[in-house]
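Input: a single structure, listed below in structure tokens.
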Amino acid sequence: MDAKYAFRAELLSESATIAITSLARELKAQGKDILSFSAGEPDFDTPKAVRDEAVRALNSGFTRYTAVGGIPELLQAISLKLERDNALHYDTNEILVSNGAKHSLFNVFQSLLDDGDEVIIPAPYWVSYPELVKYCGGCNVVLQTDESTNFKITAKQLKEAITQKTKILVLNSPANPTGMVYAKSELQEIADVLKDSNVWVVSDEIYEKLIYDTEFHSIASVNSNMLERTIVVNGLSKAAAMTGWRVGYIACKDKKLLKYINNLQSQCTSNINSITQKASIVALNGYCDADIEEMRLAFKERMESAYKQFSTLPGFSLLKPQGTFYLFVNISGLGRFGGDSMMFCKELIEKEGVALVPGSAFGKDGYVRFSFACSLEQIAQGIERIARFTKV
Ligand SMILES: Cc1ncc(COP(=O)(O)O)c(C=O)c1O
């Protein structure tokens, strides 16, 4: 058969992170001692109260289809969370639950973008943004940032990037992979640039709870204009160590957009897992705050330790992250790689069995991402191997 595929399917590329991950898996299978720092997920168990609630829901027979966008009690719990944590008021009919924040983002792009619409994405970016935008017909407009602005876009940069075709600005704070957090004043400056435009803001706040010595602010809370144009995206994967449960949500003031997304989801995936929905309420309503804080403190200790160790390594430089569980390390001082992050990561895993993600996967070559979602011992061992690798 002369197989023909959809153009959009052929547009989508495999994640560059997969190259390293598959190599790590292959080498592990060969019996090699591999230390992986490529994980994008907490290494903790989901809090017990959440697991217990899932068992209760299962045993009570809560196993049928539910409302597409989530059961009323879950929407209520999210509404209360947004009020309590972010001083944002959303009614339950302004919230929609999907199969992870990734699915929420797909729904939003799918429902907002027409062919050729421009989406502004600050780099370094989370790998899926440009791929999802491309798949949904949008054009990526990547704004490069570096250490001089703490990897954050400036108001001037944004102003210059906006055209008649700009539809969305994607903002991710705390940011994957840099760990940087936008201050309230910086969000206000962005809001000033956007106020007379028709640009939506998709605010990915998934790392909100993993924050160190700083405050988190949602751009939606800056003023009423921002509240209207912002689509808040959040979920429980990172905050409550629930990556496998698949719960993400959006909050947005535009009922028509929510209706369109509800229609799309009703035709594609329907509701998320019914048991997950019941359990998620427990993760959101304060019962797990102590567990979440315990995880945050453990991540903070690991961050301090990893940051300190990397800071003393010749050839490496990095900013101290304010959130997430990643270090974004500049390797351009290591002359022999010429800033080629993929080459660095491939050689490092082959010679020392250490898996990192190359910056090129995040639209920023010359850097590597180191995830500290692992034990202090593993962090020390990994950095020791990296030091040995770069000494020769
Ligand atoms: C910035 C960012 N947004 C969204 C997601 C997706 O999270 P979820 O597991 O809820 O789909 C991730 C996961 O790595 C992420 O890093």
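Each ligand, and each atom within it, is numbered from 1 in the order the structure gives.
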[X]/[Y] ion pair, N-O < 4.0 Å:
{"X": "Lys81", "Y": "Glu208", "value": "yes"}
{"X": "Lys156", "Y": "Glu160", "value": "yes"}
{"X": "Lys48", "Y": "Asp291", "value": "no"}
{"X": "Lys32", "Y": "Glu26", "value": "no"}

Ligand 1 contact on [X] by region, counting heavy-atom pairs under 4.0 Å:
{"X": "Asn172", "value": "side chain"}
{"X": "Ala101", "value": "both"}
{"X": "Tyr249", "value": "neither"}
{"X": "Glu41", "value": "neither"}

How would you list, by chain and number, every residue that makes a ring pair (Phe, Tyr, Trp, His ring centres under 6.0 Å) with Tyr182, sequence neighbours excluded?
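For Tyr182, no residue satisfies ring pair (Phe, Tyr, Trp, His ring centres under 6.0 Å) once neighbours in sequence are set aside.
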
Tell me, which protein residue and heavy-atom name are nearest [atom], and how many Å apart are they?
{"atom": "atom 14 (O) of ligand 1", "result": "Lys238 NZ, 2.6 Å"}
{"atom": "atom 11 (O) of ligand 1", "result": "Arg246 NH2, 2.7 Å"}
{"atom": "atom 1 (C) of ligand 1", "result": "Asp204 OD2, 3.4 Å"}
{"atom": "atom 6 (C) of ligand 1", "result": "Trp126 CH2, 3.7 Å"}

With no hydrogens and no angle check, just 3.5 Å: does a side-chain donor-acceptor pair link Glu131 and Ser13?
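Ser13 and Glu131 do have a side-chain donor-acceptor pair below 3.5 Å.
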
Proximal ligand 1 atoms for Gly100, defined as those under 4.0 Å from one of its heavy atoms:
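Listed by number with element: 10 (O), 11 (O).
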
